[in-house]
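Chain A is the first sequence line, chain B the second, and so forth, proteins listed ahead of strands; every chain is numbered from 1.
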Amino acid sequence: MESHVAHASHHYTSTGLDSKKIAIWTFIGSECMLFASLISTYLIYKGRSVTGPWPHEWWCATTNQVAATAAGLANCPAGQVFKPILNIPITSISTFVLLCSSLAMVLALAAVENRNRPIAPNATAWQRALRNSKLWLWMTCIMGATFLGFQAYEFTSFVHEGLSIRKNLFGSSFFTLTGFHGTHVTVGVIWLGSLLAIDYKRGLGPKDALQVDIAALYWHFVDVVWIAIFTLIYLIK
Amino acid sequence: MRAVLRVASPLDSLSPQRMHLRLQPRQLAALKFGAFALLLLAGCSEYPNTTFNPTSEFNRESTSLWNTLLIWGTIVFVIVEAILVYTIWKYRRRPGPYQPDERMLHGNTTLEIAWTILPAVILAIIAVPTVRAIFRTQAEAPATALKIDVIGHQWWWEFRYPDYGFTTANEVYIPIGRPVNFSLRTVDVIHSSWIPQLGGKRDLVSNRTNYLWFTPDSADYTVYNGSCNEYCGASHANMRFRAFTLPPEEFERWVAHQRQPAAIQAPATPAPTTPASAPAAATAPNQQVAPRDTQATPALPQPVAAAYEFPRERVPQHAMPNTPVPPDLTFPDGLVGDAERGRQIYSRSACIGCHKINGNPMSMGVTGPDLTHVGSRLTIGSGLFPNDTRHMALWIKNARKMKPLQFSSMPTLGKGEYDPISKIVINQGGLSDQEIADIVAYLQALK
Amino acid sequence: MATTTAPTFAPPVERKRYGIMDRLTTVDHKKIGQLYLNTALFFFLFGGLEAVIMRWQLMTPNGLRVSADTFNQLFTMHGTTMIFLAIMPLSAAFFNFLIPLQIGARDVAFPRLNAFSYWVYLFGGIFITLPIFWLGAPDGGWFAYQPLNTRQFSPGHNMDFWVLGIQILGISSLAAAFNFATTIINMRAPGMTLMRMPMFTWMSFVVQWLIILAFPVITIALFFLQFDRFFGTTFYSLSAGGDPLLWQHLFWVFGHPEVYILILPAFGLVSEVLPANSRKPLFGYPVMVYSGILIGFLGFGVWAHHMFAVGMGPIADTVFALTTMVIAIPTGVKILNWIFTMWGGQIRFTTAMKFAIALVAMFTIGGISGITHASPPSDLQQTDTYYIVAHFHYVLYGGSILGIFAGIYHYFPKVYGRMMDERLGNIHFWLNFIAFNLTFFPMHFAGMLGMPRRIYTYDSGQGWDTFNMMSSIGAYMLVVSTAIFVWNFFKSKRSGAVAPENPWDAPTLEWSIPSPPPEYNFAQIPMVTSRYPLWDLTHPERTAQIPHTAVGHADAQHRTGEHVTASGLHESDIAPMHIESERKTAEELGIPMPHPTIKPLWTALGIVVMLSGLLFLASNKVVAFSLIAVGAATMIYFIYNWLTTPVE
Amino acid sequence: MAHEPAEHHEHDTAPSIVAAEAHTDHIEHPEWPTYWKVGLFLTIITVVEVWAYYIPSFVASKLFVPSLLIMSAVKFATVVMFYMHLRYDHKLFRALFTGPLLIAVATLIGLLFLFAKIAA
Ligand code: HEA
Ligand code: HEA
Ligand code: CUA
Ligand SMILES: [Cu+2]
């Protein structure tokens with residue numbers, strides 16, 4: 001929101017906390033309602049589409065039959081059978097990737113906070129790595145991008161399997177919900193990218209910790225939202 | 001002639017009270033409300049859509065709740081404003097030294113607790129009857145209830161009587177004293193039906209079906225106005241209807257008549273625009289049912305009922321619309337139409353695409369109002385104009401200038417007329433004034 | 001008469017004019033506040049004009065003065081304008097001007113974000129208002145029910161403007177809300193504990209949270225509609241089985257908190273006006289705080305009381321009826337605490353005071369009618385009739401608007417350094433008071449006698465003629481009274497009596513500095529030791545009973561320790577509670593002020609251009625995408641610049 | 001400010017957040033030793049969730065939905081407490097997050113009731 005140039009605690013504040021950090025938390029509070037609305041919509045429309053395809057069920061386009069298993073649609077003409085849309089194995093992997101990115105993010109923050117602490121001469125490579133903010137910012141960005149890659153793949157394959165955002169209520173609410181989340185991830189990746197740029201330009205140190213912290217809070221929030229989505233939308237039938 | 005006699009006979013001009021005696025005992029409680037209604041009758045004619053004159057158990061629930069709320073609201077209001085006025089009067093600025101009242105300087109816990117508790121108590125008092133009324137008014141409808149399907153259209157009302165298998169438009173007939181169970185649907189956007197004196201509102205929600213039932217036990221033998229109360233587009237204001245409440249046996253006669261397919265009646269004296277002016281004889285005498293095509297309609301009750309028309313002298317002033325016709329619209333007076341010719345023209349023109357007339361195999365449209373007995377109706381254009389030859393002619397010629405409409409609704413049919421929606425002058429398929437006059441004669445004859 | 005009691009301090013200083021460029025680039029919360037005030041007042045007049053045209057049409061039965069189409073645009077834009085372009089921004093004007101002054105800060109937490117909020121509001125307001133000039137304005141009602149406003153039933157551009165416009169205005173409100181919430185939490189002077197904040201700041205704090213939590217919901221509901229209209233999604237589509245109640249629920253989850261967003265700032269202003277003019281502290285301050293919070297919180301649990309007629313079933317009806325009724329309790333506490341603030345005081349009937357008292361009297365009526373439709377079976381006879389119209393004008397006009405008028409008369413001297421004309425004010429008040437009741441009271445009857453709302457015409461002989469005639473005459477009188485106010489406003493701005501620091505002898509910080517305040521507000525930030533710091537100096541006897549602590553000092557000492565000095569606040573910046581009369585420039589005092597910047601304006605413009613591209617999506621792809629591209633580019637470029645340049 | 005009656009002392013600082021210690025910018029965040037354990041914990045739960053999804057009998061059982069909800073709630077809380085430092089940071093931040101979160105969840109549940117997604 002406001003300038004990223006470091007004059008963090010330049011102003012007198014009544015809590016001794018930095019205004020930017022308070023602001024990002026109020027923003028996250030607001031985001032809770034945003035995603036609550038999206039998720040409720042998805043759940044409300046769940047199972048109310050008038051045509052398939054369906055998230056967890058098999059669907060016959062000609063008879064508009066829905067069945068829990070392919071066997072349930074034995075009498076459906078070939079080529080008319082649509083399999084369940086959601087692809088749990090793939091999404092489980094991307095979920096895991098996003099979780100790991102959160103871990104990388106906290107390590108990046110820790111590295112920035114400790115930038116000025118001397119590294120013991122006999123430190124192991126791993127200990128040195130832990131102090132390398134660039135490394136962890138890169139990791140976070142890459143994993144974020146990977147997640148987006150998975151989502152792009154997911155979306156295109158869904159469209160090929162016959163689910164477009166215009167197809168039915170499921171399509172509209174699903175793509176909108178996950179799309180909003182994807183957009184948040186994208187913004188996060190760009191944000192972290194800009195931090196990375198600063199890190200290369202002049203190195204991020206303790207005085208920048210706050211900025212990184214704020215970006216991190218946003219990133220983790222996007223992660224927890226996905227935790228909710230993964231369970232409510234993907235796993236629960 | 002029997003029909004006419006009965007209509008005129010004193011038996012039917014009875015006040016609702018007398019009729020109650022023929023109702024189940026449980027209805028007796030309604031007597032005093034009937035009296036109440038009588039007292040308010042003057043008020044009613046002045047305020048035809050009042051909500052203060054409950055004529056069904058449903059409305060008695062809401063009105064008695066309203067009374068409770070009004071009483072407590074008034075009490076609260078008076079107390080609060082009294083304290084306020086007293087305060088600003090007593091403590092207005094006066095010369096002399098000012099020393100603030102020590103006890104009242106920055107707060108007073110006891111007082112504040114007091115005026116936290118008191119409202120809570122009042123609210124509890126109004127909450128109890130509220131909850132009770134909620135569950136009463138939304139209870140299951142009795143099996144004996146008369147079923148009426150209300151279907152909203154932009155911008156008119158369709159009423160179906162599933163038990164009897166016929167359909168009317170913009171005019172719903174309700175027997176006094178029998179529970180009616182409305183099931184409400186819409187084919188397009190949300191509407192909301194309301195007959196203030198009979199029952200509360202219930203929305204017609206797209207992709208859903210709603211229910212509303214009540215027993216008009218103390219309704220008068222008269223016509224009530226109904227309206228659409230959910231904004232539904234250009235002509236929301238013009239989406240009106242009429243509710244005819246009538247004694248059960250009269251209702252049965254109306255039903256019997258409605259179930260019959262349309263048959264051209266001997267041309268009736270053009271329906272008067274003002275009530276009580278025409279004699280009850282408006283109904284055609286010795287009307288015979290054409291034995292052919294009793295097709296879709298279920299078996300008729302014996303004996304075959306005569307044409308039924310709601311007694312004009314019971315149609316109150318407020319039920320007759322006064323909507324002005326745009327000055328630039330004209331239709332030559334004295335142009336006499338022929339019903340039979342009208343039937344042929346009607347049957348080969350655009351009309352049949354949208355309208356249904358039981359008994360006219362050509363006319364099977366469903367998107368527009370059912371015209372089977374249109375001649376016997378009080379109003380046209382969804383309660384907007386009186387149903388007389390002149391207005392009907394103007395309507396057929398220039399519907400889209402008489403009421404804000406849309407592409408999918410009643411087109412401009414007059415030859416050489418400008419259609420404000422498609423923005424073209426109608427030539428192909430346009431109807432000449434004579435043709436329109438014939439169609440009007442035909443439709444008016446469908447009593 | 002106003003100045004009589006006011007101990008005049010410094011010789012009045014002529015308030016310095018500032019030019020157009022200064023307006024476009026300002027990041028000073030006081031100037032932004034004035035921009036908000038002027039723009040919002042203009043939109044209030046505009047919305048009022050729309051209302052008056054409606055009343056002109058409804059004056060007689062079967063009126064033919066405006067077409068159905070025009071009328072539908074009028075009430076839609078009237079409601080939208082009054083709520084989103086008049087009252088909310090009028091409140092925002094006071095947030096901007098007052099909050100920093102009341103908590104003893106030199107500016108808001110994010111001055112540039114603040115400017116951004118204003119420009120988004122201005123462009124959004126213009127965007128949504130323009131089409132009325134070619135009668136292509138939104139026409140779906142201010143809560144735009146579905147499916148009426150999907151492409152299928154509203155093919156024109158009318159509702160496109162509404163969807164995008166409200167979306168834009170939402171950005172403005174949210175940005176401002178984050179800003180003020182942060183400001184109130186973090187920018188308070190030493191010793192200004194939460195329970196010492198002036199009541200207006202408190203109510204504003206609650207409102208910021210209502211915005212933060214309610215606007216995301218409407219944002220989503222609007223996105224669905226936007227996607228449906230522009231990209232063919234199926235959220236509200238009939239054929240795809242969309243559920244119209246989804247929109248209704250999402251809208252009212254936002255909609256009811258919204259009405260408290262509209263009223264609480266007015267409550268706050270009244271809570272400032274009453275004590276000052278009764279010469280007594282606010283009665284039961286803590287309870288006033290808690291009831292405000294409670295109203296805001298409960299406001300999230302009552303939304304479906306707007307939907308009693310849609311057939312939610314008895315259980316839902318019961319739940320929402322009860323939660324709705326409960327809100328009467330905290331509100332009642334406020335009403336009575338206001339009355340008892342005056343009790344035992346010595347009331348000075350300034351115009352502001354008259355408006356404040358009128359709010360207490362009139363809002364009570366609206367509140368009570370609110371309770372009458374909190375009871376579903378009774379509401380079934382009231383919903384969507386003029387009875388509802390009466391209710392919400394009693395709370396909106398009799399509440400919000402009267403409160404805001406009180407605020408304007410009260411704070412005008414502080415904002416412009418000149419007093420408003422009390423004589424004209426008096427006329428404005430009485431005419432307005434009578435006209436308001438003449439306009440809206442008859443609507444109760446019209447409604448209970450069966451008149452539906454949102455009808456452009458009604459038949460004669462329905463028993464509504466007299467009441468509509470009364471309402472219309474009242475509306476015309478409102479035009480006159482409002483015109484008097486407008487005249488008074490400009491006249492006083494130009495040639496009103498010069499105002500001292502504290503014309504009303506009020507107790508809070510904003511009155512301890514010159515009128516109008518210097519750019520830096522406080523040369524030295526005061527150490528606050530009680531709820532009414534200024535009365536501690538001028539009328540100790542009034543505040544004797546109120547808790548005083550040394551927290552002010554302790555806190556200041558603590559702050560002026562090494563840590564704070566390091567963070568740019570020196571001992572010299574803090575001083576015990578005092579009155580500042582002489583005005584120096586920030587340079588003279590060496591106070592760092594944020595640089596003026598045009599970037600927020602361009603960013604806002606970029607956003608609006610980008611969204612307006614969608615309007616051409618169907619008709620002309622090239623125009624559409626080039627607008628979107630240009631807008632996005634502008635936005636991104638200026639955001640980047642903005643973020644990479646320091647505030648000061 | 002003449003009077004400071006001792007009896008009034010600190011009377012009104014009820015929800016005051018001024019008392020907060022000033023040096024919160026430098027609060028100690030945990031390090032790798034904690035973080036990798038948290039990461040592992042999250043991974044395990046995720047694995048269990050997916051695993052549960054593939055046991056038809058369990059999916060059919062009443063326990064399925066509740067257990068999944070609990071698991072994801074635990075994950076949610078863990079990330080918020082450790083990665084977002086709410087466990088260590090200023091209590092103000094905890095309030096700023098949990099308040100809105102509760103309202104959001106309440107609204108969500110309310111809506112699901114209203115659309116009969118949860119048995120009323
Ligand atoms: C400033 C805005 C504002 C405020 C503050 C309120 C306050 C209240 N409103 Fe109102 N309301 C609107 C703006 C507002 N409303 C608008 C704009 C609409 C219409 C939207 C539309 O359809 O276009 C609306 C519609 C509306 C409806 C829907 C009606 C319908 O469409 O069918 C309902 C139903 O419950 C309602 C109820 C209430 C209640 C109970 C309060 C309570 O908060 C009032 C509490 C206050 C008091 C009760 C008075 C003071 C209390 C005392 C003196 C104590 C003692 C009192 C008692 C014991 C009763 N309002
Ligand atoms: C705060 C909000 C607010 C305010 C202040 C008002 C103010 C007024 N409103 Fe209303 N109104 C709403 C909010 C508000 N309104 C809402 C939300 C709706 C629902 C919309 C919907 O159904 O979608 C509504 C609907 C509504 C209706 C119902 C429309 C319908 O359902 O068909 C009516 C009808 O009379 C009405 C009338 C008025 C009138 C006469 C005023 C008057 O008080 C106006 C007074 C103001 C002026 C008169 C200013 C004009 C003065 C001048 C132009 C003088 C100019 C002079 C100079 C420039 C020097 N409003
Ligand atoms: Cu139908 Cu309004
Ligand atoms: Cu409400």
Side-chain angles (χ1 to χ4, degrees), chain A residues 8-9 13-18 21-22 25-26 28-37 39-41 43-46 48 88-89 92 95-96 99-100 102-103 105-107 109-110 113-114 126-127 130 206 209-210 213 216-217 219-221 223-225 227-228 230-232 234-237, chain D residues 17-18 20-26 28-32 34-36 38-39 42-43 46-47 49-50 52-54 59 64-65 68-69 71-73 75-77 79-80 82-85 89-90 92-93 95-112 114-115 117:
Chain A
S9 53
T13 69
S14 29
T15 55
L17 303 165
D18 184 89
K21 191 161 174 181
I22 294 175
W25 273 111
T26 58
I28 288 175
S30 187
E31 293 273 89
C32 289
M33 285 303 272
L34 189 99
F35 280 103
S37 323
I39 294 174
S40 2
T41 304
L43 294 177
I44 286 167
Y45 274 166
K46 194 171 177 183
R48 289 180 61 170
I88 303 304
S92 309
T95 307
F96 177 70
L99 275 178
C100 296
S102 267
L103 178 55
M105 188 67 240
V106 284
L107 294 178
L109 176 58
E113 282 171 340
N114 304 333
W126 176 244
Q127 284 165 328
L130 279 177
L210 189 90
D213 192 4
L217 286 175
W219 188 260
H220 296 309
F221 178 72
D223 184 13
V224 290
V225 169
I227 290 178
F230 181 61
T231 309
L232 291 172
Y234 285 84
L235 293 186
I236 294 180
K237 296 187 178 175
Chain D
I17 50 177
V18 160
E21 90 287 17
H23 292 47
T24 30
D25 341 21
H26 313 311
E28 285 308 319
H29 291 156
E31 300 273 335
W32 166 249
T34 335
Y35 287 150
W36 75 264
V38 174
L42 294 169
T43 316
T46 315
V47 172
E49 278 188 313
V50 180
Y53 176 88
Y54 282 106
V59 172
F64 179 62
V65 174
L68 276 189
L69 289 180
M71 282 190 278
S72 67
K75 275 162 75 183
F76 191 103
V79 173
V80 171
F82 291 91
Y83 286 174
M84 294 170 92
H85 305 313
D89 261 4
H90 196 288
L92 169 68
F93 297 134
L96 288 180
F97 181 65
T98 41
L101 182 66
L102 289 181
I103 293 186
V105 173
T107 313
L108 192 150
I109 294 173
L111 284 169
L112 293 186
L114 284 161
F115 285 89
K117 287 292 172 175

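At a 4.5 Å heavy-atom cutoff, the contact between L130(A) and chain D is made by side-chain atoms alone. For P206(A), no part sits under 4.5 Å from any heavy atom of chain D, backbone or side chain. Proximity to chain D (any heavy atom under 4.5 Å) is restricted, for Y234(A), to the backbone atoms N, CA, C and O. Contact of I103(D) with chain A is made through backbone and side chain together, with heavy-atom distances under 4.5 Å. Proximity to chain D is limited to the side chain of I28(A), based on heavy atoms less than 4.5 angstrom apart. Of the two parts of T46(D), only the side chain, counted from C-beta on, holds a non-hydrogen atom closer than 4.5 Å to a non-hydrogen atom of chain A. Looking at V47(D), there are no atoms closer than 4.5 Å to chain A (heavy atoms on both sides), in backbone or side chain. Only the side chain of L232(A) comes within contact range of chain D, with at least one heavy atom under 4.5 Å from a heavy atom of that chain.
Side-chain contact check for E49(D) versus T231(A): some heavy-atom pair is nearer than 4.5 Å. Counting only heavy atoms from C-beta outward, the side chains of F82(D) and S102(A) never approach each other to under 4.5 Å. Residues I236(A) and Y53(D) fail the side-chain proximity criterion, which asks for heavy atoms closer than 4.5 Å. Between Q127(A) and W32(D) the shortest side-chain heavy-atom distance does not fall below 4.5 Å.
Of the inter-residue distances, the one linking K75(D) atom NZ with F230(A) atom CZ reads 6.5 Å to the nearest 0.5 angstrom. Interatomic distance, NZ of K46(A) versus CG of L112(D), reported as 10.5 Å (0.5 Å rounding).
Minimum interatomic distance between M84(D) and L217(A) (heavy atoms only, all atoms of both residues): CE-O, 3.5 Å. The nearest pair of heavy atoms linking L235(A) to V50(D) is CD1-N, 4.4 Å. Scanning all heavy atoms of the two residues, the minimum distance from M33(A) to A104(D) falls at SD-CA, 3.4 Å.
Heavy-atom contacts from other residues, nucleotides or ligands closer than 6.0 Å to CZ of F96(A) number 12 or fewer.
Of the candidates L108(D), I109(D), T107(D), L108(D) is the only one forming a side-chain contact (heavy atoms from CB on, under 4.5 Å) with S40(A).
For the set Y83(D), F76(D), F115(D), the entry with the most heavy-atom pairs within less than 4.5 Å of chain A is Y83(D). Note on I44(A), L34(A), L43(A): by heavy-atom pairs under 4.5 Å with chain D, the leading option is I44(A). Chain A forms more heavy-atom pairs under 4.5 Å with one residue of T43(D), V38(D), V105(D) than with any other, namely T43(D). Interface summary for chain D: among I88(A), L99(A), T26(A), the most heavy-atom pairs under 4.5 angstrom belong to I88(A).
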(message) I'd like to know whether Y35(D) forms a side chain to side chain contact (heavy atoms under 4.5 Å, CB included) with L107(A), so could you lay out the CA-CA distance, the side-chain angles of the two residues, the decisive distance to 0.1 Å, and finally the verdict.
(response) CA-CA 8 Å; Y35(D) 287 150; L107(A) 294 178; 3.9 Å; yes

